[in-house]
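Heads up: the structure comes next, in structure tokens.
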Amino acid sequence: FCSCKRDDSEKTYVEMKGTAMVFYYQSHLEWESEELQQWLTGIIEKGLRKAADTYLKQRLEAMAAARGLRPTDIRCHKMKSRWGSCSLQGRINLNIYMMLLPAHLQDYVIQHELTHLLEFNHSQRFWQILDQHTGGKSMLLREEMKQYDTSIFSLWNHAQKTRRES
């Protein structure tokens, strides 16, 4: 959970309160100010990158091992329009914004990229292989992914709404 609060201090800062992040910003700044939005986006992306470097990499390594696959490299970074990618050399890239997706969709993206290590296209064979690792739900999960956008604020709003509903 995250919240933002105006503060009379001389600088903007983040405080962890249990599992919640509280963003404090200077009282003279307007919420819509570009300066504040850039700072906030940077802080959030830094946190997402740190979490992704730990959690998503470990998750991918575990899933790869279970399938007997070995990517040559795993990297997590900000990507504008993709959730993940796999190079011909076997390098898998994951979008740090995946940290804001529900766990089952994180797993779907990881399984999707791992499947590219076996089938480097989106042929019928690719989807058949992916189905074996998604309980036959690859097309349903693909459709569900369309509800999400790689934009941080789109994802953030969707994640907050999903948490409130559950």
Side-chain angles (χ1 to χ4, degrees), residues 1-2 14 16 18-21 23 34 37-166:
F1 176 74
C2 295
V14 178
M16 291 301 295
T19 58
M21 283 177 116
F23 302 97
E34 189 167 332
Q37 293 300 312
Q38 285 179 349
W39 174 81
L40 187 57
T41 300
I43 291 294
I44 292 169
E45 287 176 350
K46 184 177 178 182
L48 291 174
R49 184 172 285 107
K50 185 176 180 181
D53 278 340
T54 302
Y55 177 76
L56 293 178
K57 281 184 178 181
Q58 288 175 353
R59 190 79 181 122
L60 189 143
E61 288 167 351
M63 290 178 164
R67 291 177 65 175
L69 300 173
R70 295 189 56 144
T72 58
D73 192 17
I74 305 165
R75 295 186 186 180
C76 298
H77 51 114
K78 178 181 170 181
M79 299 167 77
K80 289 185 179 183
S81 62
R82 293 180 179 212
W83 292 108
S85 65
C86 180
S87 73
L88 285 169
Q89 294 76 31
R91 176 187 298 143
I92 294 180
N93 296 295
L94 299 174
N95 192 328
I96 62 172
Y97 295 137
M98 281 177 60
M99 292 304 301
L100 298 176
L101 291 173
H104 72 285
L105 293 179
Q106 291 173 354
D107 288 353
Y108 166 75
V109 173
I110 290 169
Q111 292 290 7
H112 183 108
E113 298 312 328
L114 286 171
T115 300
H116 280 306
L117 295 174
L118 301 170
E119 189 73 22
F120 200 75
N121 56 50
H122 289 116
S123 65
Q124 184 177 0
R125 182 172 182 273
F126 171 89
W127 295 106
Q128 289 170 342
I129 295 168
L130 184 55
D131 262 345
Q132 294 170 9
H133 300 281
T134 59
K137 297 180 181 178
S138 64
M139 296 311 274
L140 287 172
L141 293 167
R142 180 182 185 203
E143 284 302 308
E144 188 176 350
M145 284 296 296
K146 292 178 182 179
Q147 296 177 32
Y148 296 88
D149 186 319
T150 56
S151 157
I152 190 167
F153 293 108
S154 170
L155 275 169
W156 191 264
N157 290 335
H158 194 86
Q160 297 293 35
K161 180 182 175 201
T162 303
R163 283 190 185 96
R164 282 193 302 270
E165 291 172 353
S166 54

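One N or O on the side chain of T72 and one on the backbone of Q89 form a donor-acceptor pair closer than 3.5 Å. Proximity of a side-chain donor or acceptor of N95 to a complementary backbone N or O of G84 within less than 3.5 Å is not detected. A donor-acceptor pair under 3.5 Å is formed between the side chain of Q106 and the backbone N or O of L101.
Q128 and Q132 share no side-chain donor-acceptor pair at under 3.5 Å.
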> Where do K137 and D131 land on the salt bridge (Lys or Arg N to Asp or Glu O under 4.0 Å) test, with the steps shown first?
Replying inline: CA-CA 6 Å; K137 297 180 181 178; D131 262 345; over 6 Å; no
Exercise for the section: Applying side chain to side chain contact (heavy atoms under 4.5 Å, CB included), run through Q111 and R67 and close with a yes or a no. Expected result: CA-CA 10 Å; Q111 292 290 7; R67 291 177 65 175; 2.6 Å; yes
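Distance check, rounded to the nearest 0.5 Å: CZ of R59 to OG1 of T54 gives 15.0 Å. Rounded to the nearest 0.5 angstrom, L114 CG and E119 CD are separated by 14.5 Å. Here the NE2 atom belonging to H77 is positioned 10.0 Å from the CG atom belonging to D53, to the nearest 0.5 angstrom. A distance of 7.0 Å separates OH of Y55 from CE of M99, quoted to the nearest 0.5 Å. To the nearest 0.5 angstrom, F23 atom CZ is 5.5 Å from L40 atom CG.
Exactly one residue among D107, V109, I110 makes a side-chain contact (heavy atoms from CB on, under 4.5 Å) with L60. That residue is I110.
Taking the six-membered ring where tryptophan is involved, the planes of H122 and H112 are tilted, since the angle between them lies from 30° to 60°.
The two residues I96 and E45 have their closest heavy-atom pair at CD1-O, 3.7 Å.
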